[in-house]
> 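The following block contains the structure, expressed as structure tokens.
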Amino acid sequence: MAAREQRGRLIQRPRGGAVVGRTTSGGTVHLVVAGTNQKRTVCDDDVTHTSNSDHPLRHHRFTSAPPPTTITTTLTDDSAANLIDKTRTLNHLLEIHAAILRHGLHQNPILNFKLQRSYASLGHLDHSTSLFRRTHNPNVFFWTSIIHAHALHAAHHPHALSLYAQMLSNADAVRPNAFTLSSILKSCPIEPGRALHGHALKMGFICDVYVGTAVLDVYARAGDVVAARKVFDEMPERSLVCLTAMITCYAKNGGVDEARAVFDGVGERDVVCWNVMIDGYAQRGLPGEALGMFRRMLAAKVRPTEVTFLAVLSACAQIGALECGSVHVATALVDMYCKCGSLEDARMVFDGIKGKDVVAWNSMIVGYAMHGFSKDAMELFARMRKLGVWPTDITFIGVLSACSHAGLVTEGRNFFKSMKDEYQIGPKIEHYGCMVDLLGRAGLLDEAYELVKNMEMDPDLILWGTLLAACRLHGRYEMGKQIAEWLVRSGLANSGTCTLLSNIYAATGNWDGVAKMRTLMKDSGVQKEPGCSSIEVNNRVYEFLAGDMKHPKSKDIYVMLEELNMLLKAHGYTPQTDIVLHDIREEDKERVLGVHSEKLAIAFGLISTKPGTTIRIVKNLRVCVDCHTVTKLISKITDRKIILKYWPRNLESVLPKLIHRLSN
DNA sequence: ATAGGGTTAG
């Protein structure tokens, strides 16, 4: 045992210091020892041999963690190989190893090989090396495998080089091939790397795309862009990995533009390729470009990894927007994409999060629910529960509003009940809000009103507003009028209440009431925030107010609107003029409706983006019924996906702001 | 029968 340890040290640090280089002369490869510049031959005795009888594992019994598979007494070469391939834990591997020794199968080089690889891949290089050391005359496969195992971690690179040197100078002189070369190149700094490049050229290995890429990478790591490019240019074929190595080389050595040029020429990009480009921009201090790339990556349906998040985080940090950990950042991104209406992008980021916490689940569930993807929200909730993640009150906001959007009254009632009974989460006013919305939308206004009256807390204006909106939706004007007038009388009303009451008056033809409300709103100073719709085109955010003429393309926008109007009417659309709060002529009402800010934004989106592009509008106020109908029709007529999102300004969070900032 | 290349901090 002591002798083996001593030999181990000897191999790691040969006489004179670490092996860092070697030279080629006339096709013969010699080893150069650092510091001495002496040539040295590693003798065969450096390789330890052990026999089955003295193996420490022979009588090993494992008591902790039962093995996943029972090892039968009839272990064969094939079944043993099979077991090794399926092994995922060290304990199980040790168990199999012991069984192999007990059955005398340890002579089988394939089994030994597989064991050695398994130990290495499970992160136990020590076991792997010790097994390799006990192997008689390892062939080129064994050598390549053990060298590769050492090449995977920078800490073991000197040892990998030492092993390579031993392989060359062994009595049996195992000759390296392209596989061996590509493995050892990973461990090489520029100096032995350059020599190996020469060797690869001489032996014709340089034509191998793996070797070529590894050589390119050696120069890239050393910052020799010219040499790397030369290797790249002379390669007979270029894989995605090779292209990525070239992009990395440029990106890391101050040539983002050159990197981008190569990147643009890549046909099918994978996540690593995108990561390199995103990180390249982030490292060059171009966070806007980095985030733009990230968005493009998501658009290309490439799922981000934690490396992506790191680069994106770095870009965000440069803008000074984020100061939190990576699950949090990823969740913030999910949230951001949900709020911007990009549910697919949000989902892509969500799926990439390792170790999702309940906040991450909540963001995605609420995101789906808020955009009417009730089924997805419910499915995600079920999956979350299956994985044992305990819901919070926010989860139920998502679940309940999903029920509300889908009209699932019974399910909603059950969730509301289970929230208290099963999960011990006391409903907050927001949950009552969801229930009122659910019942209200379903026309069950009396039940909704009862719920509000029996709440353990005082209803707020949002809750009343929900109920009032439902009253208007189902024509329950009397109930709505009573509630709203009471709110106005008790001085609780806000602009929303007044607007709704005006709506109700207008709907019932009570123009005196409408006029009274207008005066009241003016006098009491309750002001309606002007409706404003924004749209992002070519990385710029454009804002529109109702009847806006300030946009340079206003003329085109209005021409487009007129054309749309014609088509809409041909599709049977009639403007819902009853929502207009002015006692004016019918055609004037139509005119007022026709220039609502979201319609202008949509028209602008249609004339300034390519056919088929999704149009995303964010509006600060709720979208009126007419605009909702029109938007759905326009989407159908123009065959465009249109996302019209209500997002109040005062609730705007950091990330949507970030997007706006980046866009300006 | 058994092996290989590209992305991660200031």
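As a basis for the values below, the full set of heavy atoms in this structure was taken, side chains included, without hydrogen atoms, waters or symmetry mates. Residue numbering restarts at 1 for every chain, and letters A, B, ... go by the order of the sequence lines.
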> Which nucleotide, dA9(B), dT2(B), dG5(B), lies nearest any side-chain atom of Gln283(A)?
dA9(B)
> How would you label the contact of Val276(A) with the nucleic acid (heavy atoms, under 4.0 Å): base, sugar-phosphate, or nothing?
sugar-phosphate
> Base, sugar-phosphate, or nothing: which does Val271(A) touch, judged by heavy atoms less than 4.0 Å apart?
nothing
> So, is His148(A) close to the dA3(B) phosphate, meaning a side-chain N or O under 4.0 Å from OP1 or OP2?
no
> Give the C-alpha distance, both sets of side-chain angles, the deciding distance and a yes or no for side-chain hydrogen bond (donor to acceptor under 3.5 Å, both in side chains) between Arg229(A) and Tyr250(A).
CA-CA 9 Å; Arg229(A) 181 72 204 209; Tyr250(A) 279 129; 3.2 Å; yes
> Looking at every strand, decide which applies to Ser145(A) at a 4.0 Å heavy-atom threshold: base, sugar-phosphate, or nothing.
nothing
> May Phe113(A) be described as stacking on the base of dT2(B), applying a 5.5 Å centroid limit and a 30° limit on plane angle?
no
> For dG5(B), take OP1 and OP2 only and decide whether either is under 4.0 Å from a side-chain N or O of Lys186(A).
yes
> Please tell me which of the listed nucleotides, dA3(B), dG6(B), dG5(B), lies nearest to the side chain of Ala245(A)?
dG6(B)
> Would a line drawn from the ring center of Phe350(A) to the ring center of Trp361(A) be shorter than 6.0 Å?
yes
> For Asp208(A) and dA3(B), what is the distance between atoms CG and C1' respectively, to the nearest whole Å?
12 Å
> Round to a whole Å and report the spacing from CE of Met277(A) to P of dT7(B).
15 Å
> Just the rounded figure in Å: distance from P of dG4(B) to CG of Asn139(A).
14 Å
> Of all the nucleotides listed (dT7(B), dG4(B), dG5(B)), which has the minimum atom distance to the side chain of Val272(A)?
dT7(B)
> Just checking, any donor-acceptor pair under 3.5 angstrom between side chains of Arg347(A) and Tyr368(A)?
yes
> Report yes if a donor N or O on one partner sits less than 3.5 Å from an acceptor N or O on the other, where the partners are the side chain of Ser183(A) and the base of dG4(B); otherwise report no.
no
> Identify which one of His97(A), His92(A), His124(A) satisfies the ring-ring contact (aromatic ring centres under 6.0 Å, His included) criterion when paired with Tyr119(A).
His97(A)
> Any chance the rings of Tyr164(A) and Trp143(A) have centres within less than 6.0 Å?
no
> Measure CE/Met246(A) against P/dG5(B) and give the value in whole Å, please.
19 Å
> Which nucleotide in the list dA3(B), dT7(B), dG4(B) gets nearest to the side chain of Asn177(A)?
dA3(B)
> Measure the distance from CD1 on Ile146(A) to C1' on dA3(B) and round it to the nearest whole Å.
12 Å
> Could you tell me the separation between the CD atom of Glu237(A) and the C1' atom of dG4(B), rounded to a whole number of Å?
14 Å
> Measure from the side chain of Val241(A), starting at C-beta and using heavy atoms only, and say which of dT2(B), dT8(B), dG6(B) lies closest.
dG6(B)
> Return yes if some donor-acceptor pair links the side-chain N/O of Arg221(A) with the main-chain N/O of Cys188(A) below 3.5 Å, else return no.
yes
> Taking any heavy-atom pair under 4.0 Å as a contact, classify Ser239(A): base, sugar-phosphate, or nothing.
base
> For the side chain of Asp270(A) and the base of dG6(B), is some donor closer than 3.5 Å to an acceptor across the two?
yes
> With respect to the side chain of Val307(A), which nucleotide from dG4(B), dA3(B), dT8(B) is positioned closest?
dT8(B)
> Pick base, sugar-phosphate or nothing for Leu240(A), based on heavy-atom distances below 4.0 Å to the nucleic acid.
base
> Output the rounded distance in Å from CG (Asp279(A)) to P (dG10(B)).
9 Å
> Quick one: the side chain of Thr244(A) and the base of dG6(B), do they pair up donor-acceptor inside 3.5 Å?
yes
> Do Arg117(A) and Ser121(A) have side-chain atoms, one donor and one acceptor, less than 3.5 Å apart?
no
> Among dG4(B), dA3(B), dT7(B), which is the nearest nucleotide to the side chain of Lys252(A)?
dT7(B)
> Side chain of Cys273(A): nearest nucleotide among dT7(B), dG6(B), dA3(B)?
dG6(B)
> Let me know the distance between CE of Met167(A) and C1' of dG4(B), rounded to the nearest Å.
13 Å
> Whether Arg117(A) contacts dG4(B) is assessed here as follows: a side-chain N or O lying under 4.0 Å from the phosphate OP1 or OP2. Is that the case?
yes
> Select base, sugar-phosphate, or nothing to describe what Ala81(A) touches, counting heavy atoms under 4.0 Å on all strands.
nothing
